[in-house]
A.B. asks: 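Input: one structure, supplied below.
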Amino acid sequence: MNQGKKLVTVLGATGSIGVSTLDVVARHPDRFGVFALTAHRQVDKLFEQCLTHRPAYAVLDKSADALDLQSRLDSAGCRTEVLAGAGALAEVASAPEVDLVMAAIVGAAGLEPSLAAARAGKHILLANKEALVMSGALFMQEVAATGATLLPIDSEHNAIFQALPAGFQRGLHDSGVTRILLTASGGPFRRKPLEELAAVTPDMACAHPNWVMGRKISVDSATMMNKGLEVIEAHWLFGLPSSGIEVVIHPQSVIHSMVSYLDGSVIAQLGNPDMRTPIAHAMAYPDRIDAGVRPLDLFEIARLDFERPDFARFPCLALAYRALEEGGVAPAVLNAANEVAVGCFLEGGLRFDRISAVIADTLDAIPPRAADSLELVFDADRQAREIAGSLVRELGE
Ligand code: NAD
Ligand code: MG
């Protein structure tokens, strides 16, 4: 019926990754069709996307919003059916018609629909790093059990995937890989005097020098928690211990990450900082398609710089390594405390330089325990949100 087209569900269609995904889809109408688009509350934006891409389904969080969107689409002659709630997210992520699931919801809310796609054995294009941080072991088990394909969208992990040997199947023991070098831009405050960090505003933190992204991940980049979450994500995706994952600050964001081999080779993936490259790579894999990205001009770039990360400036990065080494529910606790602290900072209720204290104190308050089931993970997530919430009230302004 779709003449060989791949049908795509985009979870988080109205976000930064979702919009870039739909841009790639629109460049290749012969290859891709849209099965479902989802958003949290952005009814207007989802309405426009439905008119353009004509999905079979659209999903919003609240029933009232879904009814509103349905009547607007009906009046416009668009036959998309609108659903609401978390159950509907899981349905459109696992429906038999779907080939590719772009998991691009931000935060813990993305875990359940991403897992639903894994359980249904889909090709999952994973942008939602928080899902792997919270429950990496369970997620990877589900992927292995169903034969789902997990392709990383995060530019660093996509770069690593591209630099790994062909046929690599999670677990690098026999492939001669010694280390992964995860590059980081260092964000907007790499050189800012430390005493000025207290006065950083949300808009300053969201003004990333190289990438245009959603507000939560932009703040994570400014604290380097984003890189910390990515260290944990790399651990689960590629099966290396924390000692095998090194962060390298590379302010130009041209090398998206590197893999170091026993024989001294280091293989890097380069490109302009545009998420449409990893998105197009994962969507067409193993083919290569036009992503609409400007070709890399090395003469214009002229130089590539590297620095060691400063853990005193970026305590969140150290906290992420600590959580990975602790294991069990610690990464889920780290993630939940970070979501609470960043949310509060974005609303003007917490100083930028206190985000790391909220996370550290939450980790201290929750004793280590195993993360053997989703219930245990969600329990830890809930507990961490409560503790972080009260810490934020104590430390907040
Ligand atoms: P964003 O804030 O721009 O978009 C988030 C999307 O998720 C929106 O469509 C929103 O409606 C939806 N959403 C938010 N909360 C939801 C909820 N509770 N329930 C259902 N849907 C919800 O975020 P983004 O920058 O596109 O990032 C999305 C994910 O991709 C994040 O996990 C981020 O870490 C990851 N990522 C983003 C980039 C980037 O360049 N933006 C790069 C690498 C990884
Ligand atoms: Mg990244």
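Along the sequence shown, residues carry numbers from 1. Counting convention: from 1, in listed order, for ligands and their atoms alike. Values below: every heavy atom of this structure, side chains too, minus hydrogens, waters and symmetry copies.
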A.B. asks: Under a 4.0 Å threshold between the charged nitrogen and the carboxylate oxygen, would Glu326 count as salt-bridged to Arg322?
C.D. replies: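 So Arg322 pairs with Glu326 through a salt bridge.
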A.B. asks: Rounded to the nearest 0.5 Å, how far does NZ of Lys216 lie from OG of Ser221?
C.D. replies: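 Taking OG in Ser221 and NZ in Lys216, the distance rounds to 9.5 Å.
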A.B. asks: Less than 4.5 Å apart, any side-chain heavy atom of Cys78 and any of Arg54?
C.D. replies: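 Cys78 reaches Arg54 side chain to side chain.
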A.B. asks: State plainly whether the residues Asp68 and Lys62 are in salt-bridge range, i.e. N to O under 4.0 Å.
C.D. replies: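 No salt bridge links Asp68 with Lys62.
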A.B. asks: How many protein N, O or S atoms sit closer than 2.8 Å to the Mg ion (ligand 2)?
C.D. replies: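 Protein N, O or S neighbours of the Mg ion (ligand 2) under 2.8 Å, waters not counted, come to 3.
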A.B. asks: Parallel, tilted or perpendicular for His157 and Phe238, by the 30°/60° rule?
C.D. replies: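 It falls in the parallel class, under 30°.
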A.B. asks: Taking NZ, NE, NH1 and NH2 as the nitrogens, is one of them in Glu156 or Lys129 under 4.0 Å from a carboxylate oxygen of the other?
C.D. replies: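 Looking at Glu156 and Lys129, the cut-off is not met.
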A.B. asks: Among Lys227, Gln252, His208, find the residue that satisfies the side chain to side chain donor-acceptor pair (under 3.5 Å) test when tested with Ser185.
C.D. replies: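 Result for side chain to side chain donor-acceptor pair (under 3.5 Å) with Ser185: His208.
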A.B. asks: For Val266, which fellow cluster members are found when Ile, Leu, Val, Met, Phe, Trp and Tyr are connected by side-chain heavy-atom distances below 4.5 angstrom, either directly or through intermediates?
C.D. replies: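 Other cluster members: Leu181, Val248, Val254, Ile255, Met258, Leu270, Leu296, Leu298, Ile301, Leu304, Phe306.
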A.B. asks: Return the protein residues near ligand 1 (heavy atom under 4.0 Å from any of its atoms), ordered by chain and residue number.
C.D. replies: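 If the criterion is a heavy atom under 4.0 Å, then ligand 1 touches Gly12, Ala13, Thr14, Gly15, Ser16, Ile17, Ala39, His40, Gln42, Ala104, Ile105, Val106, Ala109, Ala127, Asn128, Lys129, Glu130, Asp154, Met213, Gly214, Ile217, Met275.
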A.B. asks: Among residues two or more places apart or on two chains, list those pairs meeting side-chain hydrogen bond (donor to acceptor under 3.5 Å, both in side chains) that have a residue in residues 70-88.
C.D. replies: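 For residues 70-88: Asp44-Arg72, Gln70-Asp74.
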